[in-house]
There are 2 protein chains.
Amino acid sequence: MSKRHNTTLKELALALNLSISTVSRALNDHPDINEKTKENVKKLARQMNYSPNLFARSFRSQKTNIIGVIVPNISHYFTSTILKGILEEAEIQGYRVIISESNNSETKQTEMLNTMTQFGVDGILMSLARKTTKVDDVLRTLNRAPIVLFDKVSQKIPCTQVVINEEEAAFNAVEHLIELGKERIAIIKETENSYNSEKRYAGYLRALEHHGIRIREKIILSTEDISLIHGRRLTNILLSMKKRPDAIFAITDDAAIGAIKALNKFKIKIPEEIAVVGFSNSASSKIIQPELTTVDQPGDKIGRTAVKYLIDEIDSPSNNIITKTVEIKTTLVVRDSSLRA
Amino acid sequence: MSKRHNTTLKELALALNLSISTVSRALNDHPDINEKTKENVKKLARQMNYSPNLFARSFRSQKTNIIGVIVPNISHYFTSTILKGILEEAEIQGYRVIISESNNSETKQTEMLNTMTQFGVDGILMSLARKTTKVDDVLRTLNRAPIVLFDKVSQKIPCTQVVINEEEAAFNAVEHLIELGKERIAIIKETENSYNSEKRYAGYLRALEHHGIRIREKIILSTEDISLIHGRRLTNILLSMKKRPDAIFAITDDAAIGAIKALNKFKIKIPEEIAVVGFSNSASSKIIQPELTTVDQPGDKIGRTAVKYLIDEIDSPSNNIITKTVEIKTTLVVRDSSLRA
DNA sequence: CTGAAAGCGCTTACAG
DNA sequence: CTGAAAGCGCTTACAG
């Protein structure tokens, strides 16, 4: 047998002097077929190393059993934990997963959506590229295949959205700082109004209001790119103020770690002088000194949940397009950066 | 037009009162077709939101343009950078990528190989699960589709293997410590003889020999699971010795970071008393205090290279099975954990 | 219990 | 310049 050759039903049928139909049925354990025949067929199939061509099967059944996934950046840790959940759940349910990256480019994202529908995926899981504005492209895809959004979502797209309890999580994080006795709590958030940043900011505001703490515009800082470097830069600005904050809530771990790096540099005691809380529970949050208090986002569960909702829609396609939001609970992981002395 | 409906060539043909053949050729800009006809066809195709069913096309051409990827753990940072490279290069070359995780289980790995060949992927990229012993399964797959291994490879599998210059990289890392004036250099490696651990250990030995430094068995430590926790544990053992080492070379960043955490706890000066060098240039290596000297592994390049070699084999299937090793160069990133005072 | 035939959507050699 | 027909590998309703 030469290399790269795949045995087909036809070959088996020829060798056994049976019809293709019978061979197919025998392999699929169809009740009609004689036990003896089944045995013979299966034996030869094993010998000839036969395995069904799933592509042909999918083609016939008009169902690919493939889920397409589009994420902004695959090497972002939180994203990779979601992907892990997606892969696990998809495998359990008998689906394969095609992954692609939009690199936060809307153009690329549209291209990916097109390839995926052309390819005939049964459904699409997507976390939106930053600044996704031309929702039309996504809506057009929605006519072809069900979509479930996760993490970076948009209410403008009428479909199921799997997110964490952003607002509540931020509320809890800030309340934790207040209970620690902190009163001048700065926030480092995004300039652009992403779903996530907006919700976390709302939680911050609500916590302050709820506890009767005055909102100080001066210590509400924003940045385009919510990274370690900008977390550090904005913290330096906070430190240059006449009246420094006594806590910093950064809406990402990266920015919070940047903040800690800045505070460490000036030998400011954490959490006594300034406490810090982040968001994500990334691997780095346990590496930084002092270890970072942060919101744990269960990526695995988000991924699994998104897959479940998507497969539900694949199995029972409904024509009523609705925006449904599914919230996954998070927990605050308290570490040294905000531990009561 | 109802939801979830895909226009087909047949429908276009019917609407235009043309044959399916003509419509197909018009859309593919076949020179035989009348310009006017092409225009009409294309116009209607746009109106009816037609896009070709790639599944049908693949089915006919017996080529899926899909690459299967199997990795032990998708959320390992280094792996995700390789995946990034794979996705980028695959897209450029017009391939789609199916990703799955073996979770370091050989059984699961075999299953994935089977599904992928059944599915008819054009080729497979794989990083082996730990302790892959039953090479037979992989060899059987090799009869169906070309395989290129990367990172976790095995010489027992006759195929192209894309790796980094493990031995040389370790040699350079240890030589760097020697040039710093260190003489009692401990190594933290894996118990099990993985390709990577073996090569790095060989580089360590060669560097010591090359510089006429005696090899001390006592400070050559091994662990099953080369993680932060075990890096810390083994470092504690090193610290309990009568004569402590003056440097630690850990064959992963995780273990090196564990080492630094242990040293920090005992307020041991890094690098003056004990210098530390890791391997990977993970995100965490820039977070830990002091920042970690480590070997930068260009994941992106590894991924791209693996895709290129695989597509070469897909395009020109050769029957001569050979083991070819492709080495990607690394660089040592010197940071505070080994910086001359 | 087994077989002949249709069909999934597409491309292309062959005919006119 | 256009069309009828075969075929990629499989499943299944229909017939016997």
Side-chain angles (χ1 to χ4, degrees), chain A residues 4-42 44-45 48-66 94 115 117-122 144-145, chain B residues 4-42 44-45 48-66 94 115 117-122 144-145:
Chain A
R4 311 282 134 88
H5 173 74
N6 288 339
T7 309
T8 65
L9 284 187
K10 198 175 169 185
E11 287 165 13
L12 288 178
L14 211 68
L16 289 159
N17 201 20
L18 282 168
S19 74
I20 295 177
S21 331
T22 307
V23 174
S24 170
R25 280 191 273 250
L27 289 172
N28 292 322
D29 260 329
H30 194 285
D32 275 1
I33 306 294
N34 187 317
E35 277 307 323
K36 192 90 194 268
T37 314
K38 280 188 193 172
E39 265 176 43
N40 289 336
V41 173
K42 286 182 182 171
L44 187 70
M48 291 182 67
N49 203 9
Y50 172 80
S51 70
N53 180 330
L54 295 184
F55 230 79
R57 196 179 273 175
S58 296
F59 174 54
R60 186 175 198 282
S61 62
Q62 292 301 88
K63 186 150 184 324
T64 55
N65 268 46
I66 297 181
T115 335
T117 48
Q118 271 188 44
F119 193 67
V121 297
D122 290 341
R144 308 294 220 69
Chain B
R4 309 283 134 91
H5 173 74
N6 288 340
T7 309
T8 64
L9 285 186
K10 198 174 168 184
E11 287 163 15
L12 288 178
L14 209 70
L16 288 159
N17 200 20
L18 281 169
S19 74
I20 295 177
S21 332
T22 307
V23 174
S24 170
R25 280 192 273 251
L27 289 172
N28 292 322
D29 260 329
H30 194 285
D32 275 3
I33 306 294
N34 187 318
E35 277 306 321
K36 194 87 193 272
T37 314
K38 281 188 192 171
E39 266 176 42
N40 288 336
V41 173
K42 287 181 182 171
L44 188 71
M48 292 182 66
N49 204 9
Y50 170 81
S51 69
N53 180 329
L54 294 185
F55 231 79
R57 196 179 273 176
S58 295
F59 174 54
R60 184 171 200 282
S61 62
Q62 292 299 91
K63 186 150 186 324
T64 55
N65 269 45
I66 297 181
T115 337
T117 48
Q118 271 188 47
F119 193 66
V121 297
D122 291 340
R144 307 295 220 69

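In the text below, chain A, chain B and the rest are named by the order of the sequence lines, each starting its count at 1. Basis for what follows: all heavy atoms, side chains included, without hydrogens, waters or symmetry-related copies.
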Rounded to whole Å, CG of A/Asp29 lies from P of D/dT11 at a distance of 13 Å
note: A/Phe59, atom CZ; C/dT11, atom P; distance rounded to Å ~ 11 Å
Taking only side-chain nitrogens and oxygens of B/Asn53, does any of them come within less than 4.0 Å of OP1 or OP2 of C/dC8? no
For B/Ala145 and B/Val121 the tightest heavy-atom approach is CB-O, 4.2 Å
Parallel, tilted or perpendicular, as decided by the 30° and 60° cut-offs, for the rings of B/Phe55 and A/Phe55: parallel
Please enumerate all protein N or O atoms sitting under 3.5 Å from an N or O of nucleotides 2-4 of chain C, with distances to 0.1 Å.
| from | atom 1 | to | atom 2 | distance (Å) |
| --- | --- | --- | --- | --- |
| C/dT2 | OP1 | A/Thr37 | OG1 | 3.1 |
| C/dT2 | OP2 | A/Asn34 | N | 3.3 |
| C/dT2 | OP2 | A/Thr37 | OG1 | 3.3 |
| C/dG3 | OP2 | A/Ser19 | N | 3.1 |
| C/dG3 | OP2 | A/Ser19 | OG | 3.2 |
| C/dG3 | OP2 | A/Thr22 | OG1 | 2.6 |
| C/dG3 | N7 | A/Arg25 | NH2 | 2.9 |
| C/dG3 | O6 | A/Arg25 | NH1 | 3.4 |
| C/dG3 | O6 | A/Arg25 | NH2 | 2.6 |
| C/dA4 | N7 | A/Ser21 | OG | 3.1 |
| C/dA4 | N6 | A/Ser21 | OG | 3.0 |

Q.
Checking side-chain polar atoms at under 3.5 Å, does B/Ser24 have a donor or acceptor matched by the opposite partner on B/Ser21?
A. no
Note to self: Counting the atoms with a prime plus P, OP1 and OP2 as sugar-phosphate, which does A/Ser24 contact under 4.0 Å by heavy atoms, base, sugar-phosphate, or nothing?
What the structure shows: base
Atom CD of A/Glu11 and atom P of D/dG9 are separated, to the nearest Å, by 8 Å
Here the gap from A/Asn53 atom CG to B/Gln62 atom CD, rounded to the nearest 0.5 Å, amounts to 6.5 Å
Ion pair check, B/Lys36 and B/Glu39, cut-off under 4.0 Å: no
Whether A/Tyr50 contacts D/dG9 is assessed here as follows: a side-chain N or O lying under 4.0 Å from the phosphate OP1 or OP2. Is that the case? no
Distance col, row A/Asn49:CG vs A/Leu44:CG, nearest 0.5 angstrom, shows 11.5 Å
Whole-Å distance, A/Leu27 CG to D/dG9 P, equals 16 Å
Dot-bracket assigned to DNA chain D with the 3.5 Å Watson-Crick/G-U criterion, [ ] for crossing and | for other-strand pairs, is |||.||||||||.|||
Contacts of A/Lys63 meeting side chain to side chain donor-acceptor pair (under 3.5 Å) (sequence neighbours excluded), chain-then-number -> A/Asn65, A/Tyr95, A/Asp122
B/Lys10 NZ to C/dC8 C1', in whole Å, measures 10 Å
Requested in this report: Could you tell me whether B/Arg57 contacts a base, only the sugar-phosphate backbone, or nothing, with contacts defined as non-hydrogen atoms closer than 4.0 Å?
Outcome: sugar-phosphate
In B/Ile33, B/Leu9, B/Leu16, the residue satisfying side-chain contact (heavy atoms from CB on, under 4.5 Å) with B/Thr22 is B/Ile33
To the nearest angstrom, the NZ-P distance between B/Lys63 and D/dG9 comes to 16 Å
Can you tell whether the side chains of A/Asp29 and A/Lys42 come within less than 4.0 Å, N to carboxylate O?
yes
To the nearest angstrom, the CZ-C1' distance between B/Phe55 and C/dG7 comes to 17 Å
Atom CZ of B/Arg60 and atom P of C/dA13 are separated, to the nearest Å, by 8 Å
